[in-house]
Amino acid sequence: MAGNQLPGRKMRLPSRTMLTKDRIVTLILFLPSLVLVGYFVYVTIGWNVVVSLSDWKGLTPSYNIVGFDQYTRLFQDPTFFTALKNNLVLILLFVPGSLFLGLFLAILLDLKVRGEGVFRGIYLLPFALSFVVTAVLWAWMYNPSIGVINTLLMKTGLGFLKSGWITDPNVGLYCVVLAIIWQFSGYTMLIFLAGIRSIPESQMMAAEVDGASGFDLYRLVVIPQLKAPALSAFVVLMVFALKAFDFIFVLTDYSDYTYILPLMMFRETFSMNRFSYGAAIATILFLLALVIVVPYLYLSFRREKE
Amino acid sequence: MVKMVYAVAAAVIITALIVGPAVWYVTRPPPEDVVEIYHWWTSGGEKAAIDALVSVFEDKYPGVFVKQTPVAGGAGYVMKALMKSLVLAGEAPDAFQMHAGYEGKPYFEAEYLEPITDLWVAEGWKDVIPDVVEAMVKFDGEYYSVPVNIHRVNVVWYNKDVLQDHAIDPATLTTWDAFFTACDKLVAEGHTHPIALGDIGKWADTHVLEQIIAGEGIAFYEKWVNGKVTSATDTTLVHALNTFKTYLGYVNPDHAALTWDQATARVITGEAAFNVMGDWANGEFIVPAVGKVYGTDYGTFPTPGTAGMYGLCIDCFQHPAGVAHPANSLNWIRVVGSKEGQDAFNPKKGSIPARTDADITKYGPYQKAAINDFRNATYMYPSVAHGSGAPETFTAELDDIMSAFVTDKDVSAAATALTAATTAASADYTTDWSLD
């Protein structure tokens, strides 16, 4: 409603507490999702925090609050820091990797290549597949004895490059990062391509008239206008990197070199029956996700206001 | 106004979408007569075995449909996690596969299991199931589950052709020293990695260490499972870890990419000579697609130092509290414990029956030998790697410690971590095993 008004013109808004017809309807429409999301998301997050402050161990739920014991233990647990470190490495490599590869692919597609639709489909396909499926595929490719990567290296006389890939503690994490970059680059490509396509043709033509061409055209005109799509893709990638579970669980299981916080949370809870300890890890993960999401929400909220 | 009409219409539709299914749920027809079971038997031989057991049940109780939910993951490490979330949510199936011993303890403590002592008495299982096995399914004097089979864990599988080609007599491999000498010979003659290991899921590392510890003698094993090995400089413990370190010098470098059955397959193809694995591996040799013959193509011997000992890994079913079909659940357990059920399941599974009155003629050549060994065993011991011998928290830690050890081969670090884990879990060591 307010958005329909011309900017700068004063108008009389109904006071905040007044129940207009619109507001009642909005409330009715909003209610089902409010109840479901409220219970299944926010109440459960709160419940998780409560569990993390308890001494629940074993299969009998215990809500005996003992304070921050689990967190104290967590910060003395070397495994926690290994998992945190692996998580950070994953974020630092995976997020920029996916963004740049996606941008690169989007620019390539924007060059009006023949069969654009086909390429777009090919790039996007990995993202449409289940993580479990693609993880199994990568596990086969990376397999040191029968995988295509080592076989290919042997056949082409590059046998000295053979490696244990996901089984080698030194490169295992990077192999995982490579695989998830592959899976997500199609998604970032789509976001960037939509961003590029929304730039008015006239701007490009004007830039061309002014003598910009090729790389300059993208560097000076297109890329600066991709901030918004880049930011939303960034948030999605960050949050995924924090909570990645299925892909890594299938690819490398509980290997120490790819042990990240979600894996640790799951294992502590369901293999070791330390429910409160697992809940503490979940709370830390939640806080980390907030650190990323809240600034984004704030930024986009401010932009909408403007 | 038009907008308003649309909005109300939308609200009505959404409400209908929520109320409709809810009404259906409340008034839905009663569920059909089923018994829902969970297990982790997913490989070829395993599936054939559980299907045979199911058909015994369906013959006895026609009209009851057995709803199987298999969960893949060796030694059940995936299903164990899933089951806890189901049980906590009050969604326990009518029966689920579980290892005997400590693995059932968290369920027992949280009162998710109902005692089936009456059933044990009525069915006469006490008379036909050995005492050590009985002790593994009891908590506080009551019976809580019934074993369907017994797997032996202390087995070395070997490829007969490979040993013959290199003139190695498996009967002489009764000590780790002799075993490693044979490995040296194989390495010198071109078999660079004579021992196959596949440790996806980590438990296969623990499995090997456990057999090495048993090889140090039953007294030390008993001390270990009773949580009494708490000194990182314990000479026997350090000796066992050093043996494991030597062992690792002969294994395939890609072990972290292999599942246990892929490692066993290396012995089948002759790529490797030995594989230490429980006798569920037998199924891999005899499935029709492979078709190997025990005694001709492959053979077994107890892991060095464990002659006369029978390491136990036992699968059980139990009667969870408050299940959807309690009568069917009890009938399922009845079939699981019956002679008929065990003699249908075990020949295909590669294990031996938990009952001593089984019909031995139904079993293959490996199992005949195993049944014989079982009846003549001097000592039996519960497996730690498979959840029976030690508390679950300790076992999970042990898997981590062993997986790290396989990479860094640091004996003193492993001994320190291992004894620290034992001390940390000391309150959980509630069973006092008496093995000798």
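As the structure is a computational prediction, the values presented were derived from the model and not from experiment.
Contact annotation for B:Thr15: neither backbone nor side-chain heavy atoms come within less than 4.5 Å of a heavy atom of chain A. For B:Tyr107, the parts lying under 4.5 angstrom from a heavy atom of chain A are both the backbone and the side chain. Looking at A:Phe266, the atoms closer than 4.5 Å to chain B (heavy atoms on both sides) all sit in the side chain, from C-beta outward. With a threshold of 4.5 angstrom between heavy atoms, B:Asp428 approaches chain A through side-chain atoms but not through N, CA, C or O. Of the two parts of A:Ile166, neither the backbone nor the side chain holds a non-hydrogen atom closer than 4.5 Å to a non-hydrogen atom of chain B.
Among B:Glu109, B:Lys202, B:His255, the residue with the largest count of heavy-atom pairs under 4.5 Å with chain A is B:Lys202. Heavy-atom pairs under 4.5 Å with chain B peak, among A:Leu59, A:Asn143, A:Thr60, A:Thr167, at A:Leu59. Most heavy-atom pairs under 4.5 Å with chain B, from the set A:Tyr259, A:Trp165, A:Phe270: that is A:Phe270. Top candidate by heavy-atom pairs under 4.5 Å with chain A, chosen from B:Ala110, B:Ala404, B:Ala10, B:Pro253, is B:Ala110.
Note that CZ of A:Arg267 and CG of B:Asp399 are 6.0 Å apart. Values are rounded to the nearest 0.5 Å. Between the CD1 atom in B:Ile200 and the OG1 atom in A:Thr252 there is a gap of 9.0 Å [rounded to 0.5 Å]. Separation of atoms CD1 (B:Ile14) and OG (A:Ser33) is listed at 8.0 Å; rounding is to 0.5 Å.
Enclosure of atom CZ in A:Phe30 is not indicated, since only 12 or fewer non-hydrogen atoms of other residues, nucleotides or ligands lie within 6.0 angstrom. Atom CD of B:Glu111 has 12 or fewer heavy atoms from other residues, nucleotides or ligands within 6.0 Å. The local environment of CZ in A:Phe75 is crowded, with over 12 non-hydrogen atoms from other residues, nucleotides or ligands closer than 6.0 Å. No more than 12 heavy atoms of other residues, nucleotides or ligands lie within 6.0 Å of OH in A:Tyr42, so this atom counts as exposed by the packing criterion. Few gaps surround OH on B:Tyr429; more than 12 heavy atoms of other groups in view lie less than 6.0 Å from it.
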### Query
Do B:Leu88 and A:Phe275 pass the side chain to side chain contact (heavy atoms under 4.5 Å, CB included) test, and can you show the C-alpha distance, the side-chain angles, and the key distance before you say yes or no?
CA-CA 11 Å; B:Leu88 272 172; A:Phe275 283 79; 3.2 Å; yes
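For A:Tyr142 (side chain) and B:Ala257 (main-chain N/O), no donor-acceptor pair under 3.5 Å exists by modelled atom type.
Here B:Glu397 pairs with A:Arg274 in a salt bridge; the nearest charged N to carboxylate O distance falls below 4.0 Å.
Closest of all the heavy-atom pairs between A:Asn273 and B:Pro106 is ND2-CG, 3.5 Å.
Residues B:Val78 and A:Phe249 meet the side-chain proximity criterion, which asks for heavy atoms closer than 4.5 Å.
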